[in-house]
Amino acid sequence: MMNTPFATTVITWQKQHGRHSLPWQQNPTPYRVWVSEIMLQQTQVSTAIPYYNNFMDKFPTIGDLARCDTDTLMKYWQGLGYYSRARNLHKAATIIVNEQKGIFPETRAQLVELPGIGRSTAAAIMSLAYNQPDAILDGNVKRVLCRYHGITSDPKATSTMKVLWQKAEDNSPTENARAYTQGMMDLGANICTRTKPSCTYCPLHTSCYAHTHQMTNTIPAKTQRAKPKPKDLYLLLEVRDQKIRLIKRSNTGLWAQLYSPALFESFTELNPDNKVLHPLPRYKHKLTHLTLTIYPFIDLNPSNHEDQWQLLSDITLGLPTGIKPALELLNAYIQVATLPQESL
DNA sequence: TAAACGTGGGG
DNA sequence: TCCCCAAGTTT
């Protein structure tokens, strides 16, 4: 079987003009490719790179990852978001090390059995790590295929996804799978961009439907999405001796397995005994599906708890980004509150 | 099937 | 300021 002209064009272009210096492209072992693919889910390359380098320094092998404790892992993932990715990464590592003799799966069917690996991530590992033909369908590829084939329906709709997977499979090469997969992502990321695509430099532009019909502005179609729901959270900042009380969050739901000061859904739950608390200014933190309004309160006379008490100046546990503004406000307040009286 | 799940970049 | 969305998967 020969590669299709489409695939040959993408492969030739990738070798000449695609990306070759990304960290996970150096020594692309299954483990290194896997970690990169998980980090890159719904995450831009520039965001993932520093996390990836730190992660690989700390966990150079799958054995290092399997042996690590959750708190250390979450510290390395803090700020990257979608924290279930870290939990699933760890779970999969223990499965491979403890149940599969440390041998990384070598087929798509085995890969998708692991937590956190879906069809597209499995195909990315197959092609990028093993150079085996397997079609991915990420945001980049969706955009390229929608434009090239003139697919005008909502790319997120199930029916459209079925068509796109079929196109992806049809175009998939039999040789040079690694360069092809990388090329499709490089095209989507750097040439066939969401706005103002650089069609002049695209090796596919003469046969691209959206380009030849001047429809790159309308393809792919915008996907309708639910508005984020407003939600109020009440944050109790318990402080004593320059230390703050942190509680490990449950292993499901928002910010799972990270640490946070006590969080409540109402002020009554936060302060049932009407203690004297100091309110800090509220602030907003936006997520894809929620708009949080966070109301922080300082408690300078906390009762005894057997949770983690960490120095405010040296928090070694993973915190959600949405909590950090409260700690900034708290630090500013403590600076002022602890000044000598004569300087006030 | 639709909603949950984070954060940051860009227009 | 607001909206879109980025190497998606899970429930």
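All values below were derived from every heavy atom in this structure, side-chain atoms included, with hydrogens, water molecules and symmetry-related copies excluded. Owing to the predicted nature of the structure, the values given are computational and were not obtained by experimental measurement. In what follows, every chain begins at residue 1, and chains take the letters A, B, ... in the order their sequences are listed.
More than 12 heavy-atom neighbours from other residues, nucleotides or ligands sit within 6.0 angstrom of NZ on A/Lys248.
Residue contacts for A/Lys229: at a heavy-atom cut-off of 4.0 Å it reaches the sugar-phosphate backbone alone, with no base atom in range. Contact annotation for A/Leu80: base contact, defined as any heavy-atom pair under 4.0 Å involving a base atom.
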Could you tabulate the donor-acceptor pairs under 3.5 Å formed by side-chain atoms of residues 272-281 of chain A, not counting sequence neighbours?
from: A/Lys275; atom 1: NZ; to: A/Asp299; atom 2: OD2; distance (Å): 2.8
from: A/Lys275; atom 1: NZ; to: A/Asn301; atom 2: O; distance (Å): 2.9

Ignoring hydrogens and angles, write down the donor-acceptor pairs under 3.5 Å from the side chains of residues 149-157 of chain A, residues two or more places apart or on other chains.
from: A/Ser153; atom 1: OG; to: A/Thr160; atom 2: OG1; distance (Å): 2.9
from: A/Asp154; atom 1: OD1; to: A/Lys156; atom 2: N; distance (Å): 2.8

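Spacing between B/dA3 and C/dC4 at atom P, rounded to whole Å, works out to 16 Å. Using atom P as the reference point in both C/dT9 and B/dG8, the two lie 23 Å apart (nearest Å). Taking atom C1' in both C/dA7 and B/dA2, the straight-line distance is 23 Å, to the nearest Å.
To the nearest angstrom, P of B/dG6 lies 11 Å from CG of A/Leu292. The distance between atom NE2 of A/His289 and atom P of B/dA3, rounded to the nearest whole Å, is 12 Å. Protein atom OH of A/Tyr76 is 21 Å distant from nucleotide atom C1' of B/dT7, rounded to whole Å. When rounded to the nearest whole Å, the span between NZ of A/Lys286 and C1' of B/dA4 equals 19 Å. The CH2-P distance, from A/Trp255 to B/dG6, rounds to 9 Å in whole Å. Per the geometry, CG belonging to A/Asp154 stands 13 Å off C1' belonging to B/dA2, to the nearest Å. If you measure from atom NZ of A/Lys196 to atom P of B/dG9, you get 19 Å, rounded to the nearest angstrom.
Not a single side chain to side chain contact (heavy atoms under 4.5 Å, CB included) links A/Glu328 to another residue, sequence neighbours left out. A/Asp170 pairs by the salt bridge (charged side-chain N to carboxylate O under 4.0 Å, His left out) definition with nothing, not counting sequence neighbours.
Mapping A/Thr47 and A/Leu290 onto DNA chain B by nearest heavy atom places A/Leu290 closer to the 5' end of the strand. Residue whose closest nucleotide on DNA chain B sits further toward the 5' end, between A/Thr252 and A/Ser46: A/Thr252.
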remark   = Per-nucleotide protein contact along nucleotides 3-10 of chain C, 5' to 3', at a 4.0 Å heavy-atom cut-off (B base, S sugar-phosphate only, - neither), is -BBBBBSS
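Regarding contacts with the backbone of B/dT7, a side-chain N or O of A/His285 is found under 4.0 angstrom from either OP1 or OP2. Side-chain N/O atoms of A/Thr321 include one lying less than 4.0 angstrom from OP1 or OP2 on B/dT7.
Applying the salt bridge (charged side-chain N to carboxylate O under 4.0 Å, His left out) test to residues at least two apart or on different chains, the pairs with a partner in residues 231-240 of chain A are A/Lys231-A/Glu265, A/Glu238-A/Arg245.
Between the side chains of A/Tyr259 and A/Asp71, at least one donor N or O sits under 3.5 Å from an acceptor N or O.
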